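Numbered from 1 within each chain, the chains take letters A, B, ... in sequence-line order. Because the structure is a prediction, the values reported are computed rather than measured.
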Amino acid sequence: MATFAVLASSMNLRHFLDRHIEQSLLSIGVPDSPALVKQSGRPEFGHYQADGVMGAAKRLGKNPRNLAASLIAVLDLNEIATASVAGPGFINIALKPTFIATELSKMRKDTRLGVAKQKPQNIVVDYSSPNLAKEMHIGHLRSTAIGDAAVRLLEFLGHQVTRVNHMGDWGAQFGSLLAYMDRLTKKGEELATELKDLEVFYQSASQLFKSDESFANEARQFVVRLQSGDPECLRLWQQFIDESLNHCQATYDALDISLKREDVHAESAYNEGLPQVVKALESKGLVQVSDGAKCVFLDEFVGKDGKPLPAIIQKSDGGYPYMATDLVAVQYRSEELKADQALYFVDGRQSLHLAQVFAISRAAGFISEAQHFRHIPFGTILNKAGKPLKTRDGGVVKLADVVTESIARALVLVNEKTPSLSDQAKQEVARIVGIGAIKYAELSRNRTTDYIFDWDTMLAFEGNTAPYLQYAYTRIRSIFRQDKIDPNKIDGEFHLHPQSSAAAEISLAIKLLQYVEAVESVPDDYQANLLCNYLFELSCQFMSFYESCPVLKAEAKVRLSRLMLCDLTAKVLQHGLNLLGVSTLEKM
RNA sequence: GCGCCCGUAGCUCAAUCGGAUAGAGCAUCGGCCUUCUAAGCCGAGGGUUGCAGGUUCGAUUCCUGCCGGGCGUACCA
C-alpha cells in the first residue's frame with residue numbers, strides 16, 4: 001500500500017478529530033484504539049461521529065456508554081465542537097458555527113483551499129497506452145481519463161509525476177499494416193492520403209490478410225524484416241507510427257488530456273534491453289527452459305492441474321513476448337526514473353500478467369523494498385450483448401466519434417436552453433460540456449466494474465454529471481455578474497449563526513471544509529469517484545442553498561457572508577473539476 | 001479444474017479500516033419560473049443487499065458453502 005506523508009499541517013477535520021480523540025483515549029488509559037472518526041451519515045447525529053469507543057470498551061470489558069462519557073469529559077473541544085454520547089456508544093460531534101466561520105476564512109485565504117502538500121515522491125503513471133495497430137476506441141477512455149485525473153491530482157499534492165504512455169508500436173500485428181503500405185507505395189498511391197483515415201486503413205489491411213494468401217505471406221515477411229532492423233521496413237514503420245501518433249495526439253487534445261508527444265515511451269523503446277533482461281534473470285538463476293521457451297517459475301503462481309505457471313520471457317523461436325518488454329520497462333522506471341511509486345492504469349484482465357511482472361521484478365531485484373509498483377485495474381467496457389467491444393469486428397466505437405457526438409448533443413441542448421448566446425459562445429459551451437460529460441461519466445463510477453456502453457448513459461447531461469457541476473458553477477458566476485462584483489475584492493466575516501442562517505447554508509459551509517478530505521481520500525486507491533461524489537454533493541448543497549437563501553437581496557452582513565460562501569463554492573468546484581480534467585464555464 | 005473480479009430499487013450506480021432508519025441519479029407520479037440561469041428545486045412511490053449458514057452488541061462490508069455472471073489460466077498483446 002502506498003504511503004503518503006503530509007508535510008504541512010493540513011486542514012483535514014476528520015484527521016484532526018481522529019488524532020485528537022485517539023490521544024484523548026490514550027490519556028484516559030485506553031491505548032491502541034483507533035477513534036474511527038467519520039462524517040456523520042445523518043444530520044441529526046451531528047457532523048462527525050467517532051465509532052471507536054465501542055470496540056475499545058469491548059476489548060477492555062467496560063461499559064461502552066460509560067467509557068464514552070469519560071472520553072467526552074476530557075475531550076477539550078470547546079472552541080470547536082460539542083460532543084455527545086448516543087446509542088450504544090457512538091460519539092456525535094457537532095461543529096460550532098463560530099469555528100466553521102473561522103475555518104472558512106482560513107480556507108478562503110488559502111490558494112490550495114486547505115489541502116497541504118505531501119512529501120514529494122517520484123511517481124510514474126502508466127496510462128492510456130493504446131495499441132497503434134488499432135484505432136483508438138471507446139475502450140481506451142477508462143485508462144486515459146482515470147489516469148489523467150490521477151496525474152493531475154498527484155501533481156497538485158506536490159509529487160514529481162512522470163507520465164508514461166506505453167503505446168503498443170511493435171510486434172507481429174504490424175506485419176500486415178506494413179505489407180499493405182508497401183503495396184500501396186508500389187501501386188503509386190499517395191500514402192499520406194491513405195493514412196488520413198486510419199480506420200479504413202486498418203480494415204483494408206486486415207481483410208486482405210484474411211482473403212489473400214500471398215498478402216498474408218508478405219505480411220509475415222515484414223514482421224521478420226521489422227524485427228531484424230531492415231532499414232526500408234523501419235522507414236515505412238516510422239511513417240506509420242508518426243501518422244498514428246498524430247491521430248492519438250489529436251484525440252488527446254480534443255479530450256483535454258494532459259498527455260503530450262514526449263510522454264510516449266512505446267514498446268519499441270525497450271527493444272535493445274530485451275536480451276539483457278533475459279541474461280539478468282538467467283544470472284539470478286530464475287530461468288528454466290521449458291518446451292524450448294525460457295520461463296520464470298515462481299511458487300506463488302499455479303496453473304492448470306496444480307502445475308507451476310510459467311512466465312515466458314523468451315519464446316522458443318527466440319522472439320520476446322510482452323512479458324520481457326514489461327520487465328525492461330520496470331527496470332527503466334525503477335532505475336532511470338527512480339520511481340518511488342509506479343502506477344499502472346491497465347485493464348483488470350491484465351491482473352495476472354502484471355502480478356507476474358512485479359513478482360519477477362522483486363525476485364530479480366529490479367525493484368527495491370521501498371519502491372511500490374501497483375496495478376490500478378478497471379473493468380471492461382462491454383457492448384449491448386454484454387461482450388467486450390472488439391476492434392476486429394464491426395462493433396467498434398471510435399473514441400473520436402464519441403467526442404464529436406457528445407459535442408453535437410451538447411450543442412443541441414445549449415441551443416434549446418440558452419438561445420441568447422452567440423454562435424461562437426454556444427460552440428465553446430458545447431465543447432466544454434461535451435467533453436466534460438464523457439470524462440466525468442468514466443470518473444464518477446467505481447472503476448473496477450464492467451459496464452455496458454450506451455450513448456445515452458455516457459452522454460447524459462443531468463443528474464450526477466459534469467454539466468450539473470458546471471451549471472452550479474455558472475449560477476454562482478452569474479450572481480457576481482449581476483451586481484458586477486469582483487469576488488477577489490470582497491472580504492469580511494462569515495455569519496453562520498443559526499438564527500440568521502438557513503440549514504442549507506450551514507450544510508454548504510461544512511461541505512466546503514470537507515474538500516480536503518475528498519481530495520486526500522483519492523490516492524488511497526485512486527477511486528476518482530470519491531472526488532466526483534463530493535463535488536456532486538457540494539453542488540446539490542449549493543443548489544439547495546441557492547433556492548432557499550437569497551444572496552444579493554440579503555441584508556448587508558449576511559449578503560457579504562453569502563457572497564463569500566458562493567465564491568468559495570465556485571473556487572472549490574472549479575478546482576475539483578480541474579483535478580478531474582474537466583473545465584468550467586462562465587455561462588452555459 | 002484452479003485463480004481473480006462481480007451480484008444492492010425497474011435501469012445505471014453509492015454506501016469512507018464492520019456502525020445508527022442501505023443512499024443518489026435516470027425512469028414514473030405530484031408540486032414550483034412577474035424574484036440571483038428551471039441543464040434547476042421541493043415532495044411521493046420503489047429494497048428479504050443472489051441464496052443459506054457462521055463470527056459480532058451490530059454485517060452490503062469479514063468467514064464458509066452453494067447459485068449466477070465476467071475475465072484469466074505456456075510461447076497474441
Here's a test of your reading of the structure: between Thr465(A) and Ile312(A), which maps to the more 5' nucleotide of RNA chain B? Thr465(A)
Over how many whole Å does the gap from Asp51(A) atom CG to A20(B) atom C1' extend? 9 Å
Which is true for Leu552(A) with a 4.0 Å heavy-atom rule: it touches a base, it touches only sugar-phosphate, or it touches nothing? base
Between CG of Leu352(A) and P of C2(B) the distance, given in whole Å, is 17 Å
Donor/acceptor link under 3.5 angstrom from Asn92(A) side chain onto base of A20(B): yes
Spacing of Lys307(A) atom NZ relative to G1(B) atom P, expressed in whole Å: 17 Å
Quick check on C11(B): syn or anti? Syn means the glycosidic torsion is within 90 degrees of zero. anti
In whole Å, what separates the P atom of G47(B) from that of A22(B)? 12 Å
Closest to side chain of Met543(A), choosing from A39(B), G40(B), U12(B): G40(B)
Give one of base, sugar-phosphate or nothing for Pro377(A), where a contact means two heavy atoms less than 4.0 Å apart. nothing
Hey, is CG on Asp486(A) packed in by over 12 heavy atoms from elsewhere, all under 6.0 Å? yes
Does G53(B) have a Watson-Crick or wobble partner in any strand here, with both distances under 3.5 angstrom, and which is it? C63(B)
Does the side-chain ring of Tyr468(A) lie flat on the base of A39(B), meaning centres under 5.5 Å and planes less than 30 degrees apart? no
Test Val164(A) against Val264(A) for side chain to side chain contact (heavy atoms under 4.5 Å, CB included), laying out the working first. CA-CA 6 Å; Val164(A) 174; Val264(A) 174; over 6 Å; no
If you look at every strand shown and take non-hydrogen atoms under 4.0 Å, does Gly168(A) touch a base, only sugar-phosphate, or nothing? nothing
Would you say the base of A20(B) stacks on Phe90(A) (centre-to-centre below 5.5 Å, plane angle below 30°)? yes
Rounded to whole Å, please give me the gap between CG in Leu36(A) and P in C17(B). 8 Å
I want to verify a distance call: between A74(B), A39(B), C17(B), whose nearest atom is closest to the Cys295(A) side chain? A74(B)
Chi angles and distances behind the ring-ring contact (aromatic ring centres under 6.0 Å, His included) call for Tyr534(A), Tyr515(A): CA-CA 8 Å; Tyr534(A) 168 83; Tyr515(A) 180 55; 5.8 Å; yes
So, does Arg349(A) get its side chain near the phosphate of C4(B), meaning an N or O under 4.0 Å from OP1 or OP2? no
Taking any heavy-atom pair under 4.0 Å as a contact, classify Lys553(A): base, sugar-phosphate, or nothing. sugar-phosphate
Would you check if Glu442(A) and Asn529(A) make a side-chain contact, meaning some heavy-atom pair closer than 4.5 Å? no
How would you label the contact of Ser316(A) with the nucleic acid (heavy atoms, under 4.0 Å): base, sugar-phosphate, or nothing? base
Contact check, side chains of Glu520(A) and His15(A), non-hydrogen atoms, under 4.5 Å: yes
Greater than 12 external heavy atoms within 6.0 Å of Asp317(A)'s CG: yes
Whole angstrom value for the distance that separates P of G72(B) from CD of Gln350(A): 9 Å
Pairwise distance CG(Leu552(A)) to CG(Asp483(A)) - rounded to 0.5 angstrom: 4.5 Å
Sugar-phosphate, base or nothing in reach of Gln49(A), heavy atoms under 4.0 Å: base
Which part of the nucleic acid, if any, lies within reach of Val302(A) when heavy atoms closer than 4.0 Å are counted: base, sugar-phosphate only, or nothing? nothing
Toward the 5' end of RNA chain B, which comes first, Ser351(A) or Ile91(A), by nearest nucleotide? Ser351(A)
Determine the contact category for Ser478(A): base if any of its heavy atoms lies under 4.0 Å from a base atom, sugar-phosphate if only primed atoms, P, OP1 or OP2 are that close, otherwise nothing. base
With a 4.0 Å cutoff (strictly under), does any side-chain N or O of Tyr471(A) reach OP1 or OP2 of A39(B)? yes
Classify Ala460(A) by what it touches in the nucleic acid, base, sugar-phosphate, or nothing, heavy-atom distance under 4.0 Å. nothing
Atom CG in Asn165(A), atom NE2 in His265(A): separation rounded to 0.5 Å? 11.5 Å
Tell me whether the OP1 or OP2 atom of A39(B) has a side-chain N or O from Lys417(A) closer than 4.0 Å. yes
Given C57(B), is OP1 or OP2 found less than 4.0 Å from the side-chain N or O atoms of Lys58(A)? yes
Nearest of C36(B), A39(B), G1(B) to any side-chain atom of Lys304(A)? G1(B)
Tell me whether the side-chain N/O atoms of Arg445(A) come closer than 4.0 Å to OP1 or OP2 in C13(B). yes
Of A20(B), U37(B), A39(B), the nucleotide closest to the side chain of Ala86(A) is A20(B)
Students often get this wrong, so: under 4.0 angstrom with heavy atoms, is Pro321(A) touching a base, only sugar-phosphate, or nothing? sugar-phosphate
Quick one: does NZ or CZ of Arg475(A) land under 6.0 Å from the six-membered ring centre of Tyr546(A), within 45 degrees of the ring axis? yes
Starting from C1' on A20(B), measure out to CD on Glu44(A) and report it in whole angstrom. 9 Å
Work out how far the C1' atom of G69(B) is from that of C29(B), and round it to whole angstrom. 34 Å
If I pick the C1' atom on U48(B) and the same atom on U60(B), what distance separates them, to the nearest angstrom? 13 Å
Side-chain contact check for Gln39(A): nearest option of A15(B), U16(B), C42(B) is U16(B)
Would you mind classifying the nucleic acid contact of Asp169(A) as base, sugar-phosphate or nothing, using non-hydrogen atoms under 4.0 angstrom? nothing
Please measure how far the C1' atom in U28(B) lies from the corresponding atom in A9(B), and state the result in whole Å. 13 Å
Which value, in whole Å, describes the distance between the P atoms of nucleotides U55(B) and U64(B)? 15 Å
What interatomic distance, in whole Å, is found between C1' of G53(B) and the corresponding atom of G40(B)? 49 Å
Assign Phe480(A) to base, sugar-phosphate, or nothing according to its heavy-atom contacts below 4.0 angstrom with the strands shown. nothing
Just to be sure I understand the rule, does Phe45(A) reach a base, reach only the sugar-phosphate, or reach nothing, if contact means heavy atoms closer than 4.0 Å? base
Output the rounded distance in Å from CG (Leu443(A)) to C1' (G25(B)). 17 Å
Looking only at A38(B), A27(B), A77(B), the nucleotide nearest the Tyr546(A) side chain is A38(B)
Could you tell me how far C13(B) sits from C6(B) if I compare only their P atoms? Round to whole Å. 14 Å
Span that lies between the P atom of U61(B) and that of G19(B), in whole angstrom: 10 Å
What is the distance, rounded to the nearest whole Å, between atom OH of Tyr440(A) and atom C1' of G25(B)? 10 Å
Side chain of Pro34(A) only, heavy atoms from C-beta on: which candidate in C17(B), G25(B), C57(B) is closest? C17(B)
Val278(A) side chain near Lys294(A) side chain, heavy-atom distance below 4.5 Å: yes
For G1(B), the Watson-Crick or wobble partner whose two distances fall under 3.5 Å: U73(B)
Using a heavy-atom cut-off of 4.0 Å across all strands, would you classify Asp291(A) as base, sugar-phosphate, or nothing? base
